[in-house]
Amino acid sequence: MDMQSTVGKPRLSFWQLWNMSFGFFGIQFGFALQNANTSRIFATLGADPDNLALYWLAAPVTGLLVQPIIGYLSDNTWHPKWGRRRPFFFIGAVLAAIALFLMPNSTALWMAVAVLWMMDAAINVSMEPFRAFVGDKLDPAQQTAGYAMQTFFIGCGAVIASLLPTFFESMGVSNAAVGGVIPDTVRYSFYAGGLVFFLAVSWTVLFADELPPPDMEAFHKERKASRGVGTMFVEILGGFGKMPRTMVQLAFVQFFTWIALFAMWIYTGTAIADNVYGTVDAQSSAYQDAGNWVGIMFAVYSGVSALAAFILPVFARATSRKIVHATCLTIGGLSLASMFMITDKQMLVLPMIGIGIAWASILTMPYAILAGSLPAKRMGYFMGLFNFFVVIPQIVSGLLLGSVTKHLFGGHAVLTLVLGGGCMLVAAVLTLFVTDKAAPVSKA
């Protein structure tokens, strides 16, 4: 397997890294609105709290199907003006903006679930090629800096998006769920998210360029040979047997990491409403206030991740990427589990700091470790395949966490957060066994 070549890849400036990563500001704007408000929307529309995880299954199933296909297609795409990845950035942005406008106008639970499916598919169409974009354009020594820049924008986008419902409420917009209608604070937040998503991704499409395949003639021959839906699926499925050793090891780390994250995204709202606000009634003002506070909590961890994104590479140079990742996951796991002991909403900001440190590493280190072990001409495909190990644990969580919360934890969602913290600690231990053939980490 020919590894990522460094020939012909000039060192990029700060502003070039900025332009190629800025689209992630919009992508995470959409994801943050989804993560902080989807359970709230489902509950407002009458969802059974015990089935919240099942309703969320649309998101990971969509990623499971979309990301490898988009990665494969983008690997086999080249346009002299639009390049390889940018057409997918733009198509996903248009579809995601439409879905973000539709979501808060859902009038029934089935409609919200269907729109979640559409929204997650569209966001994945834009997001997956961004991971491969770094591998395409950057020398291995600068890849950690590239993923750190993406993480910075992910954090910034998530901070603003998570705070939007609270911001609109402070401006006098109604936060009440009257008659099962989604609050106006949430509605206006999603409208803003659709606009920001489209504009931010369009910035990268317009102001970042792409490197052409080094051997254009060979590229066109391979693309011609790979045409056809049957050939595509054969090659996609065949890739499982060709995964590099590092990718297999990281798969186990990702599995336990994303069980923890999915538990947090699904159940933090219910957990805080129950454990801190003393209610599980989704129509009550206290429950909606809890929803806004969860937005603030998520903004804190996202803001911390934006700052930590540029600090983690410093520690990676001093130690190693896997030591940094294991340490950050340990901090995050302990922080998530500690929410069980906190009944003061102000104190909930503290564990969010630890989770933010873990989130910065989750978005940076696994991809930086992985990129150097992948063949350049199949970077998009393998990055999409790697997403299997993000969505499979989410599917497992969707199928099992509802029953675990109801029958094992007596409906107390805060205990599900403790379980998530334990899974993140397992991921930290597994990280120590990952093989990282690290290139020198750039100081950029």
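- Atoms CD and CH2, from Gln394 and Trp258 in turn, are 6.0 Å apart once rounded to the nearest 0.5 Å.
- The shortest non-hydrogen separation linking Ala358 to Gly332 is CB-CA, 3.7 Å.
- Annotation: side chain of Thr268 is in contact with side chain of Met339 (closest heavy-atom distance under 4.5 Å).
- Closest of all the heavy-atom pairs between Thr435 and Thr246 is O-OG1, 2.8 Å.
- A distance of 8.0 Å separates OG of Ser284 from CG of Asp289, quoted to the nearest 0.5 Å.
- Remark: aromatic rings of Phe207 and Trp203 are close, center separation under 6.0 Å.
- A donor-acceptor pair under 3.5 Å is formed between the side chain of Asn124 and the backbone N or O of Asp120.
- Interatomic distance, Leu163 CG to Met297 CE, rounded to the nearest 0.5 Å: 12.5 Å.
- Note that CG of Leu206 is 12.0 Å distant from CZ of Phe22, once rounded to the nearest 0.5 Å.
- A donor-acceptor distance shorter than 3.5 angstrom exists from the side chain of Arg187 to the backbone of Pro104, with no hydrogens or angles considered.
- A side-chain donor-acceptor contact under 3.5 Å links Thr431 to the backbone of Ala427.
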Worksheet item: Could you walk me through whether Phe256 and Leu430 pass the side chain to side chain contact (heavy atoms under 4.5 Å, CB included) check?
Response: CA-CA 9 Å; Phe256 286 99; Leu430 292 174; 3.7 Å; yes

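- Under the 3.5 Å distance criterion, the side-chain polar atoms of Thr364 are left unmatched by any main-chain donor or acceptor of Ser361.
- Between the CG atom in Leu33 and the CD atom in Gln28 there is a gap of 9.5 Å [rounded to 0.5 Å].
- A distance-only check finds a donor-acceptor pair linking the side chain of Ser174 to the backbone of Ala176 [under 3.5 Å].
- Pro351 and Ser338 make their closest contact through CB-OG, 3.6 Å (heavy atoms, listed as atom of the first residue, atom of the second, distance).
- The number of heavy-atom neighbours closer than 6.0 Å to CZ of Phe101, taken from other residues, nucleotides and ligands shown, is above 12.
- Remark: aromatic rings of Trp265 and Trp359 are close, center separation under 6.0 Å.
- At a threshold of 4.5 Å between non-hydrogen side-chain atoms, the residues Thr204 and Phe133 count as touching.
- Between Gln288 and Arg40, the closest side-chain pair of non-hydrogen atoms falls below 4.5 Å.
- Summarising the local packing, CE of Met347 is surrounded by 12 or fewer heavy atoms from other residues, nucleotides or ligands at distances under 6.0 Å.
- Residues Ile123 and Gln34 are in side-chain contact: their nearest non-hydrogen atoms beyond the backbone lie under 4.5 Å apart.
- Phe88 has its side chain within reach of Thr77: a pair of non-hydrogen atoms, C-beta onward, lies under 4.5 Å apart.
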Item to complete: Determine, step by step, whether Phe153 and Trp18 satisfy the ring pair (Phe, Tyr, Trp, His ring centres under 6.0 Å) criterion, reporting the C-alpha distance in whole Å, the side-chain angles of both residues, the deciding distance to 0.1 Å, and the verdict.
Response: CA-CA 9 Å; Phe153 281 118; Trp18 176 286; 4.8 Å; yes

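- The environment of Tyr287 atom OH is dense: over 12 non-hydrogen atoms of other residues, nucleotides or ligands sit within 6.0 angstrom.
- Between Phe130 and Phe89, the ring-plane angle classifies as parallel under the 30° and 60° cut-offs.
- Under the 4.5 Å side-chain criterion, counting only non-hydrogen atoms from C-beta, Asn37 is in contact with Phe190.
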Item to complete: Take Ile355 and Met424 through the test side chain to side chain contact (heavy atoms under 4.5 Å, CB included) and record every step on the way to the result.
Response: CA-CA 10 Å; Ile355 292 169; Met424 197 171 287; 5.9 Å; no

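- A donor-acceptor pair is defined here as one N or O able to donate and one able to accept, closer than 3.5 Å; no such pair exists between the side chain of Thr185 and the backbone of Asn175.
- Between Ala158 and Ala32 the shortest heavy-atom distance is CA-CB, 3.6 Å.
- A 4.5 Å side-chain heavy-atom check between Thr279 and Asp274 finds every atom pair outside the cut-off.
- Nearest heavy-atom pair across Ile362 and Thr257 is CD1-CG2, 3.5 Å.
- Of the listed residues (Lys137, Arg85, Arg84), just one forms a salt bridge (charged side-chain N to carboxylate O under 4.0 Å, His left out) with Asp209, and that residue is Lys137.
- The closest donor-acceptor contact from the side chain of Ser305 to the backbone of Ser302 lies under 3.5 Å.
- In terms of heavy atoms, Ala260 sits closest to Gly420 at CB-O, 2.9 Å.
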Practice prompt. Could you walk me through whether Tyr191 and Asn105 pass side-chain hydrogen bond (donor to acceptor under 3.5 Å, both in side chains), step by step?
Written response: CA-CA 10 Å; Tyr191 293 163; Asn105 289 298; 3.1 Å; yes

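- If you take CG on Asn275 and CG on Asp344, they are separated by 11.5 Å, rounding to the nearest 0.5 Å.
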Item to complete: List the steps, then state whether side chain to side chain contact (heavy atoms under 4.5 Å, CB included) holds for Tyr147 with Phe152.
Response: CA-CA 9 Å; Tyr147 288 116; Phe152 169 75; over 6 Å; no

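- Contact of the Met247 side chain with the Pro244 side chain is registered, since non-hydrogen atoms from C-beta on lie closer than 4.5 Å.
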Practice prompt. Just do the salt bridge (charged side-chain N to carboxylate O under 4.0 Å, His left out) check on Asp436 and Lys322 with the steps written out, would you?
Written response: CA-CA 7 Å; Asp436 180 14; Lys322 69 179 186 179; over 6 Å; no

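- Counting only distance, with no hydrogens or angles, the side chain of Arg86 and the backbone of Trp82 share a donor-acceptor pair below 3.5 Å.
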Discussion item. The test is side chain to side chain contact (heavy atoms under 4.5 Å, CB included); show your working for Met264 and Tyr301 and say whether it passes.
Written reply: CA-CA 12 Å; Met264 180 181 74; Tyr301 92 71; 3.9 Å; yes

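- No more than 12 heavy atoms of other residues, nucleotides or ligands sit less than 6.0 Å from atom CZ of Phe340.
- Of the possible donor and acceptor atoms, none in the side chain of Thr44 sits under 3.5 Å from a partner among the backbone N and O of Ile182.
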